[in-house]
Amino acid sequence: MRIHMAVSSILHVLLLLSLSFQCCSSSSPSLNSGFSLSVEKPEDVILSPNGVFSAGFYAVGENAYVFSVWFTRKPTVVWTANRDQPVNGKRSSLRLHKTGNLVLSDAGQFNVWSTDTTSSLPWLTQLNLTDKGNLVLYELHPQQSEILWQSFDFPTDTLLPGQQLTRYTKLVSDRSLTNHSSGFYQLSFNDDNILSLLYDGLDVSSKYWPVQWLVSWDAGRTTYNSSRIAVLDSIGTFNSTDNYGFTTSDYGVVMQRILKLDSDGNIRVYSRRKNDPWYVSWQAISNPCIVHGLCGANSTCVYDPIEGRKCSCLPGYRVKNHSDWSYGCEPTFKLSCDKNETAFFKLPGVELYGYDFIYKKNISYSDCENECLQDCECRAFQYSLNNDGLFQCYTKRVLLNGRRSPDFRGTTYLRLPEAKRNNVSFFADEEFAQDDGHVCSVKLDRSYAERHVSSFLKFFLWFSVAIGVFEVLFISITWFSLIRTKQKSDGNQQGYNFLSPFGFRRYTYSELKQATKGFTEEIGRGAGGIVYKGVLPDQRIAAIKKLHNDNIGAKRDEAEFLAEVSIIGKLNHMNLIEMWGYCAEGKYRLLVYEYLEKGSLAENLKSNTLDWTRRYNIALGTARVLAYLHEECLEWILHCDIKPQNILLDSNYQPKVADFGLSKLLNRSDQNTQNFSMVRGTRGYMAPEWVFNLPITSKVDVYSFGIVVLEMITGRSPTMMGGQSDEGEEAHNERLVTWVREKRKTTTSEEEGSPSSSCWVEQIIDAAIGSEFEVEKKKMETLASVALKCVEEDKDVRPSMSQVVEMLQSHEDA
Ligand SMILES: *[C@@H]1O[C@H](CO)[C@@H](O)[C@H](O)[C@H]1NC(C)=O
Ligand SMILES: *[C@@H]1O[C@H](CO)[C@@H](O)[C@H](O)[C@H]1NC(C)=O
Ligand SMILES: *[C@@H]1O[C@H](CO)[C@@H](O)[C@H](O)[C@H]1NC(C)=O
Ligand SMILES: *[C@@H]1O[C@H](CO)[C@@H](O)[C@H](O)[C@H]1NC(C)=O
């Protein structure tokens, strides 16, 4: 639904713009020296020979005009001469002087913009608009004309296919959806030759893409190529000299395309066929809260795939300007330097990125708190566990780039006056930011629509109905484009093989057959297919899953399969198994994943290799990735088959969830019950909704997760409990759950109902965990209680995955 809203609001803007613009009847292909275009004559427009582009005066407000180049049909501006200084609707003009200077004057008086060009041949210059949308000032020579100036060298916020972004140029976003003057975001090559996004805000500036903590090599970039050129082509490939590149989701066909740095700081590629509306075919950042500055200072950003991005002030702060969050929030208190009048307010899962004043590693909580107390200007500190198991401390004097995410592992402690601490609210004043920072390029599962939708969005939802039609178009375009590419590239496999330059690729069946030595070494078997170990042509060891034909369904067409696979291929989370590629050939469908030596959680539970810390970390990592799949990534994905066999372990015993997204590949919507039962999970881990035919929501994964955690704690497998049984599928897991609940009840009631007692945990604990858990009884009790909440019968009582993460995290550094 995000795409609906984004595209529809863009459409809405386009619609408004088109009303203020009347099309040209007597336009000419060029402007000769000595002539001018007048703002008062709408027909004074330069038209490209193919008619696709127009250049002329464009209304941006009441009596305010800019000189622009736009797509003629359903006008979309792609270049502007004077975005920061619109001209008057009376007596303004663009004149090509006989000296060769092109000058835009406001109300016949001030020059607001010029090309500052001179020609050695007076009277012999000409302004033309090319078929590609480039406005070019030529000096006319008998043999070959010389280019004096061209708009492609001075982009505003948009790149057209073929237009290069170079070391000398940058894209600058609009200020907002309605204010087209220069905004806060820039796309350019930095001093290290890396193409990057920069927030250049009211007081501060910072880079946010590619993510800062990734060294350029890890982000797949190279710093050594100093040519600094990036370009999008008309079939949807983007390449940059720092080795960055991508292909759009509709890659392969010539279409109208633009790459635009939007006012929300994200880069998107928009595509359309002739008169259709634009749709998003690629975007750089899927979680808009990653973009710096959107919610301003002293605030946090939170992202929800349905409702979009929301801003809220930190507790004790209030928003400065409700209609423009980039101004941020201001304190409602005065901080005292006196330690006794200061208190800290705990904000789990809140990250304030960057601007660390003091950084210390391996430090106790009280020392970290002291670091902040000793600095009168310290406003907050972050205390978190890093990867080597040491606590680290960051103190902050400014509170910027605030973000709340179930994925963030640290806790922020906000400094407040003692008197204030108990009467501040926790993110109560949450608000939608003014623009739509949430764009999704794929369709969403409708069963989520029942969630609350604000009235702000309702307006846009009506548009989305219309956009639904375009989605269908989009899918068929993708389909046709793939077919066409295939036909075109039969002699040239390259174009078809590599869907993306990041290594996610298409393999041929014979390649994979060879890699697995004819599918001999079976390493697993699950819903949908058999997994084999193999060695890829590039020597990487892979797990190759061959999907059963009957699951795919005979009707399942290749393009649809590709569309789903490429979505899964784009997911990226440290607790998600990486998909390297796929094969779709004839009746074969295979998926290629990274191979993990340590095997699955199921095997490790059996062989007793997991101590308490490992089990806890596996639970937390799995919860994080499910929260990501459910709530943070580009598209919602339900796993639908969480079980110990699908949780693999890397060399550090960190969990990596496998088989996600398979529910999509296996025809879930097909009401054919045989297929349906294949996908609905595994006995022992299935939520009651499956059995009672209730609506399937993300809570089915929450349930399965709860069962897996109970299994990790107790060492009892829900499929084994009670031995053989004919009582139906749900009986097994019910037995495990009931057993744990009973233990809790009887143990706690013996002790007069003291709820803090962790004795009951001792009663259920897996003997293999040993005695080391003694120290962390509290943590274990939390985990067990959370697991019991997850397995509630009623799905509405179960917490969401991000709530699970928050509950577990709240004990992290206690
Ligand atoms: C647009 O934004 C600029 C820069 O922030 C500001 O100066 C100008 O007043 C805004 N224009 C409108 C119409 O709000
Ligand atoms: C809030 O921001 C809007 C849009 O930039 C601006 O027009 C308005 O004047 C601002 N209001 C205040 C009180 O600063
Ligand atoms: C943010 O809060 C600090 C005090 O914590 C204040 O000094 C600063 O002015 C605030 N920033 C904005 C943009 O209001
Ligand atoms: C961390 O600090 C503790 C206590 O000061 C010390 O014993 C330990 O060796 C430190 N660990 C590292 C890796 O520096």
Side-chain angles (χ1 to χ4, degrees), residues 13 16-17 20 59-66 80 82-88 156-157 172-186 199-205 263 292-301 311-337 342-345 347 350 352 354-355 357 359-368 370 372 375-381 383 385-393 395-402 412-417 420-421 424 434-435:
V13 171
L16 291 182
L17 290 177
S20 56
V60 288
E62 206 176 311
N63 200 35
Y65 291 80
V66 288
T80 300
N82 56 320
R83 69 194 300 192
D84 292 320
Q85 209 175 339
V87 294
N88 200 299
T156 45
D157 62 353
V172 177
S173 69
D174 279 351
R175 182 66 177 76
S176 70
L177 278 180
T178 48
N179 184 339
H180 302 286
S181 57
S182 301
F184 296 140
Y185 300 99
Q186 300 183 0
Y199 166 65
D200 191 6
L202 296 166
D203 309 308
V204 290
S205 75
S263 57
H292 289 176
L294 285 172
C295 293
N298 304 323
S299 71
T300 64
C301 177
C311 299
S312 55
C313 293
L314 287 167
Y317 289 76
R318 72 168 161 246
V319 62
K320 276 185 160 171
N321 186 335
H322 281 279
S323 55
D324 191 344
W325 269 88
S326 56
Y327 291 101
C329 306
E330 59 197 357
T332 58
F333 53 83
K334 255 196 132 58
L335 269 185
S336 145
C337 208
T342 302
F344 287 96
F345 193 84
L347 303 168
V350 170
L352 296 166
Y355 303 92
F357 190 69
Y359 165 59
K360 292 218 163 134
K361 209 168 151 175
N362 193 15
I363 175 172
S364 74
Y365 174 81
S366 56
D367 287 347
C368 184
N370 264 330
C372 189
D375 176 8
C376 282
E377 285 184 54
C378 173
R379 301 281 173 191
F381 65 93
Y383 188 65
L385 200 59
N386 70 2
N387 289 335
D388 13 306
L390 299 176
F391 280 101
Q392 45 198 352
C393 175
T395 71
K396 314 265 178 188
R397 284 182 165 189
V398 288
L399 311 176
L400 294 169
N401 305 325
T412 292
Y413 295 83
L414 184 69
R415 184 175 188 167
L416 291 173
K420 195 91 193 168
R421 183 177 55 175
V424 294
Q434 100 239 11
D435 63 19

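Residues take their numbers from the sequence shown, with the count starting at 1. Just so you know, ligand 1 is whichever comes first in the structure, and atom 1 is the first atom listed for that ligand.
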Quick check: [X] and ligand 3, any N/O pair under 3.5 Å apart?
| X | value |
| --- | --- |
| Cys329 | yes |
| Glu330 | no |
| Lys320 | yes |

Could you check whether any side-chain heavy atom of [X] comes within less than 4.5 Å of a side-chain heavy atom of [Y], counting everything from C-beta outward?
| X | Y | result |
| --- | --- | --- |
| Cys368 | Phe391 | no |
| Pro86 | Tyr65 | no |
| Tyr359 | Gln392 | yes |

Discussion item. One thing to verify: whether Arg415 and Asp375 come together as a salt bridge, which I'm taking to mean a side-chain N less than 4.0 angstrom from a carboxylate O.
Written reply: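 Judged by the 4.0 Å cut-off on N to carboxylate O distance, Asp375 and Arg415 do not form a salt bridge.
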
Worksheet item: By number and element, which atoms of ligand 3 are closer than 4.0 Å to a non-hydrogen atom of Tyr327?
Response: 13 (C)

Worksheet item: Name the residues with a heavy atom less than 4.0 Å from ligand 4?
Response: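 Within 4.0 Å of ligand 4, protein side: Asn362, Leu390.
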
Item to complete: Mind listing the closest non-hydrogen atom pair of Tyr199 and Gly293 along with its distance?
Response: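 Closest heavy-atom pair between Tyr199 and Gly293: CZ-CA, 3.5 Å.
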
Worksheet item: Would Thr300 and Ser312 count as having a side-chain donor-acceptor pair, cut-off 3.5 Å?
Response: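 Yes, a side-chain donor-acceptor pair sits under 3.5 Å.
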
Worksheet item: Heavy-atom contact under 4.0 Å between Ser181 and ligand 1?
Response: yes

Item to complete: Kindly write out the residues that satisfy salt bridge (Lys or Arg N to Asp or Glu O under 4.0 Å) with Arg83, not counting sequence neighbours, or none if the list is empty.
Response: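 Only Asp174 meet the salt bridge (Lys or Arg N to Asp or Glu O under 4.0 Å) criterion with Arg83.
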
Practice prompt. Apply the side-chain contact (heavy atoms from CB on, under 4.5 Å) test between Leu414 and each candidate in Leu347, Leu352, Asn298; give the one that qualifies.
Written response: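 With Leu414 as partner, side-chain contact (heavy atoms from CB on, under 4.5 Å) holds for just one option, Leu347.
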
Worksheet item: Would you say Arg175 has any N or O atom under 3.5 Å from an N or O of ligand 1, going by distance alone?
Response: yes

Worksheet item: With under 30° as parallel and over 60° as perpendicular, where do the rings of Tyr365 and Phe381 fit, or are they tilted in between?
Response: tilted

